[in-house]
*Asks:* 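First, the structure itself, so that you have it in front of you.
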Amino acid sequence: MEFTIDAISKDCNARAGKIKTDHGDILTPIFMPVGTVGSVKAVHCSELKEEIKAEIILGNTYHLYLRPGLDIIQASGGIQKFNSWNMPMLTDSGGYQVYSLGHNRKITDEGAIFRSHIDGSKHIFTPENVMDTQRVIGADIIMAFDECTPYPCDYDYAKNSMKLTHSWLERCVRRFNETEPIYGHSQSLFPIVQGSVYKDLRRESCERIASYGLEGNAIGGLSVGEPIEDMYELTDLCCSILPKDKPRYLMGVGTPANILECIDMGIDMFDCVMPTRNGRNGMLFTSEGIINMRNEKWKNDFSPIDANGTSSVDILYSKAYLRHLFVAKEILALQIASIHNLAFYLWLVKEARKHIIEGDYRAWKTMMVKKVTNRL
RNA sequence: GGGAAGGUUCCAGAGUGGUUAAAUGGGGCAGACUGUAAAUCUGUUGGCGACGCCUUCGUUGGUUCGAAUCCAACCCUUCCCA
């Protein structure tokens, strides 16, 4: 993997860059659609490429390990062959599941013991075997195994958890360096900053993480329920410490406004389930604001879903029709909403990149944040 | 023509003397969702000058301190027999 910076906006810390991987290039800032089990829910690969113009998607180590299982993925020739995406992928390590599936797992120094949410079977995730698993899955970018701390989280818990994540990182790096990619393309390991909402912990974690000199750095443990101002303040703090010459990945963020604000601070990569999950639940993000597609007010609105949209569904279908599909619980509703939302997210970061290069990012962002937070 | 069952709030359907503006489900309306156990979850769903009052369980009348619930008549629906 190689990262180059093409431009830094004149009026803020926003950067436009390029990540080269063996599966293709990624222009940053970038939004990465989430495809937990190897599939971006309700969306075909062809739609991701042609309509949405996604450049990289996510997969999840915990979920892929449980189903279909490593034997299947290895036999298929790696995840990008298995799902026919054939473009860059990133896998999360299962660190988020340590948080989201917190009720059926136990943490020890050794690792995390999960009770499968599918059949209750017991599985131990260690930094070492998570690296091995991500070698088998075969994504271009793989994540260190961490604990995503919950919110609220008291200082002592956050501190101990951060130390645990750091010790796991040490073991991840060692194992990563001892092993080779399986499928002939190179893989890059990103470490993850933790420290909850505590600035001294975040600072310490950033310094520790950065000291490994890995090819990119991620910020985790945010957007888990903390006040939005905290998220911004901590992201800004992390950006001020994490190396400038490496991509910065803010995990799990966020709303269109969150993304615009964090690009301003120097974040290069984002992922979030919001465009897909909220889309499936009837929420549309557009350049003019947010639409709750199930609301009665769209019943007789035959205007396009999004007149300014870039995907074919935006002008092909009307709001009244899409509302009808949601009300009738038709599968097509989920597909249209997912394609629209993802295409909008990708359009948004592409526009951001354009304005960074032009040098007026902050001004554009200030105007844009007002629009995208508007409720239609 | 004879017999049987039944008519409940938008719908289906509980309730069978007071704790019932009436269970539950559906539908409607609104909200939530941030490294996906999510095509999910939550709230709400008679009216009003609302910690109270008014109207409502086919219609009308009656019994009772009190009725969706008991009685009578009537109207209507479904099923069975002729």
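These numbers were taken from a predicted model, which means no experiment stands behind them. Any value given below was found using the heavy atoms of this structure, including those in side chains, with hydrogens, waters and symmetry copies removed. By convention in this document, chain letters (A, B, ...) are assigned in the order of the sequence lines, proteins followed by strands, and residues within each chain are numbered from 1.
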*Asks:* Taking A/E233 first and then A/K199, would you say they form a salt bridge - that is, a charged N and a carboxylate O separated by under 4.0 Å?
*Replies:*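 Yes.
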*Asks:* Apply the syn/anti split at 90° from 0 to B/C51 and say which one it is.
*Replies:*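 This nucleotide is in syn.
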*Asks:* On a whole-Å scale, what distance lies between the P atoms belonging to B/G17 and B/G61?
*Replies:*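 Pairwise P distance, B/G17 against B/G61, rounds to 25 Å.
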*Asks:* Considering only the C1' atoms, how many Å lie between B/A68 and B/U9, rounded to the nearest integer?
*Replies:*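 It comes out at 11 Å once rounded to the nearest Å.
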*Asks:* For B/A73, does the glycosidic angle fall within 90° of 0 (syn) or outside that (anti)?
*Replies:*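 That one's anti.
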*Asks:* If we take the C1' atom in both B/C54 and B/G1, what is their distance in whole Å?
*Replies:*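 Going atom to atom, C1' in each nucleotide, I get 47 Å.
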*Asks:* Can any side-chain N or O of A/E47 pair as donor or acceptor with the backbone N or O of A/H44 at less than 3.5 Å?
*Replies:*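 Answer holds: yes.
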*Asks:* Output the distance between atom NZ (A/K41) and atom OG1 (A/T36), rounded to the nearest 0.5 Å.
*Replies:*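 It is 5.5 Å, given to the nearest 0.5 Å.
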*Asks:* In whole angstrom, give me the gap between the P atoms of B/U24 and B/A39.
*Replies:*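 Between the two P atoms, the distance is 26 Å.
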*Asks:* Quick one: does any side-chain atom of A/T165 pair with a main-chain N or O of A/S161 as donor and acceptor, under 3.5 Å?
*Replies:*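 Yes; judged by distance alone, with no hydrogens or angles, the pair exists.
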*Asks:* Please name the nucleotide paired to B/U63 by Watson-Crick or G-U wobble geometry with both distances under 3.5 Å, or report none.
*Replies:*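 Base partner found: none.
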*Asks:* Looking only at atom P, what distance separates B/A23 and B/G46, rounded to whole Å?
*Replies:*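 The answer is 9 Å between these two P atoms.
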*Asks:* Hey, does the side chain of A/Y361 reach the backbone of A/L260 with a donor-acceptor pair shorter than 3.5 angstrom?
*Replies:*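 Confirmed, A/Y361 side chain pairs with A/L260 backbone.
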*Asks:* When the C1' atoms of B/A37 and B/C29 are considered, how many whole Å apart are they?
*Replies:*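 Between the two C1' atoms, the distance is 29 Å.
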*Asks:* Using a 3.5 Å distance criterion without hydrogens, assess whether the side chain of A/N374 forms a donor-acceptor pair with backbone atoms of A/E288.
*Replies:*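 Yes: the side chain of A/N374 pairs with the backbone of A/E288.
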*Asks:* Report the residues that fulfil side-chain hydrogen bond (donor to acceptor under 3.5 Å, both in side chains) with A/S100, sequence neighbours left out, ordered by chain and then residue number.
*Replies:*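 Applying side-chain hydrogen bond (donor to acceptor under 3.5 Å, both in side chains) to A/S100 gives none.
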*Asks:* Nearest 0.5 angstrom please: A/I291 CD1 to A/K297 NZ, how far?
*Replies:*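 One gets 9.0 Å once the value is rounded to the nearest 0.5 Å.
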*Asks:* What does the B/S/- profile of nucleotides 28-39 of chain B look like, 5' to 3', with a 4.0 Å heavy-atom cutoff to protein?
*Replies:* SSSBBBBBBBBB
*Asks:* Scan nucleotides 24-26 of chain B against the protein and return all N/O pairs shorter than 3.5 Å with their distances rounded to 0.1 Å.
*Replies:*
none

*Asks:* Taking the side chain from A/W298 and the backbone from A/Y321, do they hold a donor-acceptor pair closer than 3.5 Å?
*Replies:*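 Flag not set: sc A/W298 to bb A/Y321 has no pair under 3.5 Å.
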